[in-house]
Number of protein chains: 2
Amino acid sequence: MYTIRDVSEKTGLSAHTLRYYEKEGLLSSVERTPGGFRQYTDEDLEALGLICCLKNTGMNLREIARFVHLAQEGDKTLKERVALLREHRESVIARMNEMREYLDKVTRKLEYYSEMQRAYESAGER
Amino acid sequence: MYTIRDVSEKTGLSAHTLRYYEKEGLLSSVERTPGGFRQYTDEDLEALGLICCLKNTGMNLREIARFVHLAQEGDKTLKERVALLREHRESVIARMNEMREYLDKVTRKLEYYSEMQRAYESAGER
DNA sequence: GATTGACTTAGAGTAAACTTTAAGGTTTAT
DNA sequence: ATAAACCTTAAAGTTTACTCTAAGTCAATC
């Protein structure tokens, strides 16, 4: 069992953000101590791992919440979850290909600038 | 010479966004007709190409504006611009590597789910 | 020359994802 | 037993990047 602070340190998400995620339905039914403090389990940590993974590949919180809700409904939503993940995967791959192209353009610009800079500096030396 | 509408169509940015970018200093001194309408040149289009490229690789508008301002100051800022682009390039590469790892995780999750789904469906057939 | 449609501005509004605040209850260490 | 640290909630505030609105000006066509 982990406190919100433990989980914050493990995940890199702030305690504020963890509460916010719970409120938004990204994390379901976190246990509480008799005093009302959150007690996270290993399963919660694992769920957070997937949440971060989806978030960091560009899925928005609403979609993540939808995914989590499907998971709660059990095996009958497996097909839908697979479809959702597959679609997300495709969009991430597309995004990465797009970025690769843009990166090439940045690289070319950089080479052009480096060349200009060399010319400028050697002109200054004279 | 292009109208704001032409440029909107060519770049995929809305006319609103083009005006906004200009206001934020991303695009400098767009020419006007006697009546006050914007007239974009080919150089403006090229500058917008670089802006979109930087934006689509995750640079925020403030940094892009800074880059544009440096470019306006001429050759003496070449070194700084090279440094800025180089740093950006590194961060894009890091981002892509990170995404690749997250994508692998999504892929593994997807494979696991697909397997579960197959098992679930074959159980349903019985 | 009047109508229509595109353009102008300043400024308000929006969405997403936090982040902070205020007011108060709980645990732990001294 | 009391202070310090940590937790609770609801709700307001922030940031980024737009997006829309209102009121008016300009250009092209009938």
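Owing to the predicted nature of the structure, the values given are computational and were not obtained by experimental measurement. By convention in this document, chain letters (A, B, ...) are assigned in the order of the sequence lines, proteins followed by strands, and residues within each chain are numbered from 1.
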Q: Could you tell me the boundaries of the chain B footprint on DNA chain D, defined by atoms under 4.0 Å from its heavy atoms?
A: D/dT16 to D/dA27
Q: Heavy atom of residues 13-40 of chain A under 4.0 Å from DNA chain C: which residues?
A: A/H16, A/T17, A/Y20, A/Y21, A/T33, A/G35, A/F37
Q: With no hydrogens and no angle check, is any side-chain donor or acceptor of B/T3 less than 3.5 Å from a backbone partner on B/D6?
A: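 Indeed, once roles are kept as given, a pair shorter than 3.5 Å links the two residues.
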Q: Flag the pair A/Y120 / B/K76 as yes when at least one side-chain heavy-atom distance between them is below 4.5 Å, and no otherwise.
A: yes
Q: For a 4.0 angstrom threshold against heavy atoms of chain A, report the outermost contacting nucleotides of DNA chain C in 5' to 3' order.
A: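 For DNA chain C, the relevant span reads C/dA16 to C/dT27.
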Q: Name the atoms and distances for all side-chain donor-acceptor pairs under 3.5 Å in residues 90-97 of chain A, with sequence neighbours left out.
A:
| residue | atom | partner | partner atom | Å |
| --- | --- | --- | --- | --- |
| A/S91 | OG | A/H88 | O | 2.9 |
| A/R95 | NE | A/E98 | OE1 | 3.3 |
| A/R95 | NH2 | B/N56 | O | 2.7 |
| A/N97 | OD1 | A/R100 | NH1 | 2.8 |
| A/N97 | ND2 | A/I93 | O | 3.4 |

Q: Can you list, by residue number, the residues of residues 42-72 of chain B that have a non-hydrogen atom closer than 4.0 angstrom to DNA chain C?
A: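 The stretch gives none, as no residue of it lies under 4.0 Å from the strand.
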Q: Report the residues that fulfil salt bridge (charged side-chain N to carboxylate O under 4.0 Å, His left out) with A/R19, sequence neighbours left out, ordered by chain and then residue number.
A: none
Q: Going by the rule salt bridge (charged side-chain N to carboxylate O under 4.0 Å, His left out), which residues pair with B/R89 if we only count those two or more places apart in sequence or in a different chain?
A: none
Q: Name all pairs fulfilling the salt bridge (Lys or Arg N to Asp or Glu O under 4.0 Å) condition that reach into residues 35-62 of chain A, sequence neighbours left out, sorted by first residue then second.
A: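 Residue pairs with at least one partner in residues 35-62 of chain A: A/E22-A/R38.
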Q: Indicate every side-chain donor-acceptor pair of residues 25-37 of chain A with a distance under 3.5 Å to a residue at least two apart or in another chain.
A:
| residue | atom | partner | partner atom | Å |
| --- | --- | --- | --- | --- |
| A/S28 | OG | A/Q72 | NE2 | 3.0 |
| A/R32 | NH1 | A/G36 | O | 3.0 |
| A/T33 | OG1 | A/G35 | N | 3.3 |
| A/T33 | OG1 | A/G36 | N | 3.3 |
| A/T33 | OG1 | A/F37 | N | 3.0 |

Q: Does A/Y113 have any side-chain hydrogen bond (donor to acceptor under 3.5 Å, both in side chains) partners at least two apart in sequence or in another chain, and if so, which?
A: B/R81
Q: Decide yes or no on salt bridge (charged side-chain N to carboxylate O under 4.0 Å, His left out) for B/R118 and B/E115, but give the supporting numbers first.
A: CA-CA 5 Å; B/R118 259 192 302 280; B/E115 185 48 51; 3.0 Å; yes
Q: Under the rule for side-chain hydrogen bond (donor to acceptor under 3.5 Å, both in side chains), what residues qualify as partners of B/D104, not counting sequence neighbours?
A: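 With neighbours one apart ignored, the set is empty.
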Q: For A/E87, give me all partners under side-chain hydrogen bond (donor to acceptor under 3.5 Å, both in side chains), at least two apart in sequence or on another chain.
A: none
Q: Identify whether A/L70 and A/L54 are in the same connected component of the hydrophobic contact network (ILVMFWY, side-chain heavy atoms under 4.5 Å).
A: yes
